[in-house]
Amino acid sequence: CVAGTWCGDCVREGPILQRMAEATPKVGLGFLDRDENPGLAETLAINDGLRIPMVVFLSEDYFECARYGERTLATYRKMAAEQLGPACPSGVIPPGDDYLAVVTQEWMNEIERVQLLLRLSRRLRALHGD
């Protein structure tokens with residue numbers, strides 16, 4: 001996870017990711033400071049911006065298999081409701097009172113998606129003989 005201690009999204013979501021990693025020995029997590037790794041930050045730029053938190057998912061043999069982050073959908077919905085107001089023409093729905101629970105679920109969904117992507121990959125199934 002590329003992050004920064006000064007970033008509010010990272011401060012909120014970093015502990016979520018840490019708890020998920022602690023819950024299973026099959027998931028490893030490391031944090032890299034965005035400002036101390038400018039080349040990596042530029043590689044992970046979104047819309048020409050150095051965004052965080054950004055998680056790069058790697059297989060057990062270190063192939064990149066996904067990237068996720070910057071902000072979750074719930075965060076963008078919350079921001080749109082706050083900044084654009086109820087007349088926002090995009091039709092987005094704010095996540096409601098359980099914002100942190102929704103953000104946590106979105107991270108869990110992505111982690112599960114990547115785990116299934118890896119578990120079902122022909123390459124890794126062949127490697128493990130199943």
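By convention here, the first residue in the shown sequence is residue 1.
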Peer 1: Does the E13 side chain pair with the main chain of P53, one donor and one acceptor, at a distance under 3.5 Å?
Peer 2: no
Peer 1: Not counting sequence neighbours, which residues clear side-chain contact (heavy atoms from CB on, under 4.5 Å) with E82? List them please.
Peer 2: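 side-chain contact (heavy atoms from CB on, under 4.5 Å) list for E82, sorted by chain: K78.
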Peer 1: Taking the side chain as C-beta and beyond, is there a heavy-atom pair between S59 and R123 under 4.5 Å?
Peer 2: yes
Peer 1: Once ring pair (Phe, Tyr, Trp, His ring centres under 6.0 Å) is applied, do any residues pair with Y68, and if so which ones, sequence neighbours excluded?
Peer 2: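 Ring pair (Phe, Tyr, Trp, His ring centres under 6.0 Å) check on Y68 returns W107.
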Peer 1: About how many Å separate CZ of R77 and CG of L84, when rounded to the nearest 0.5 Å?
Peer 2: 14.0 Å
Peer 1: Does L29 share a hydrophobic cluster with V103, counting links as ILVMFWY side-chain heavy atoms below 4.5 Å and allowing steps through other members?
Peer 2: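 Yes, one cluster joins them.
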Peer 1: Ignoring hydrogens and angles, write down the donor-acceptor pairs under 3.5 Å from the side chains of residues 108-116, residues two or more places apart or on other chains.
Peer 2:
unit_1, atom_1, unit_2, atom_2, d
N109, OD1, Q105, NE2, 2.7
N109, ND2, Q105, O, 3.4
E110, OE1, R113, NE, 3.1
E110, OE2, R113, NE, 3.2
E110, OE2, R113, NH2, 2.8

Peer 1: Please name all residues satisfying side-chain hydrogen bond (donor to acceptor under 3.5 Å, both in side chains) with E64, sequence neighbours left out, ordered by chain then number.
Peer 2: R67
Peer 1: Share the residues that join V56 in a hydrophobic cluster, the rule being Ile, Leu, Val, Met, Phe, Trp or Tyr side chains under 4.5 Å apart at the heavy-atom level.
Peer 2: V2, W6, L32, L40, L44, I46, I52, M54, L58, Y62
Peer 1: List for me each residue that meets side-chain hydrogen bond (donor to acceptor under 3.5 Å, both in side chains) alongside E22, sequence neighbours excluded, and say none if there are none.
Peer 2: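 Only Q18 meet the side-chain hydrogen bond (donor to acceptor under 3.5 Å, both in side chains) criterion with E22.
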Peer 1: Scan residues 36-53 for pairs that pass side-chain hydrogen bond (donor to acceptor under 3.5 Å, both in side chains), counting only residues two or more places apart or in two chains.
Peer 2: R51-E70
Peer 1: Looking at every heavy atom in both A41 and L50, which two are closest together, and how far apart are they?
Peer 2: O-CD2, 3.5 Å
Peer 1: Does any part of the side chain of T72, heavy atoms only, come nearer than 4.5 Å to the side chain of V102, both counted from C-beta?
Peer 2: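 V102 does not reach T72 side chain to side chain.
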Peer 1: Mind jotting down which residue pairs meet the ring pair (Phe, Tyr, Trp, His ring centres under 6.0 Å) criterion with at least one end in residues 18-53? Sequence neighbours excluded, please.
Peer 2: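 Checked against ring pair (Phe, Tyr, Trp, His ring centres under 6.0 Å) - neighbours excluded - no pair reaches residues 18-53.
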Peer 1: When you group the ILVMFWY residues by side-chain heavy-atom contacts below 4.5 Å and let the links chain together, are L117 and M20 in the same group?
Peer 2: yes
Peer 1: Just jot down the side-chain contact (heavy atoms from CB on, under 4.5 Å) partners of R119, sequence neighbours excluded, or say none.
Peer 2: R125, D130
Peer 1: side-chain hydrogen bond (donor to acceptor under 3.5 Å, both in side chains) with E60: which residues, sequence neighbours excluded?
Peer 2: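 Expected list: H128.
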Peer 1: Can you list the residues that meet the side-chain hydrogen bond (donor to acceptor under 3.5 Å, both in side chains) rule with D33, with sequence neighbours excluded?
Peer 2: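 Expected list: none.
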Peer 1: My understanding is that only residues two or more places apart in sequence, or in another chain, count here; which of them pass side-chain contact (heavy atoms from CB on, under 4.5 Å) with T24?
Peer 2: K26, V27
Peer 1: Calculate, to the nearest 0.5 Å, the distance between atoms CG and CG belonging to L124 and L118 respectively.
Peer 2: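 Answer rounded to 0.5 Å: 6.0 Å.
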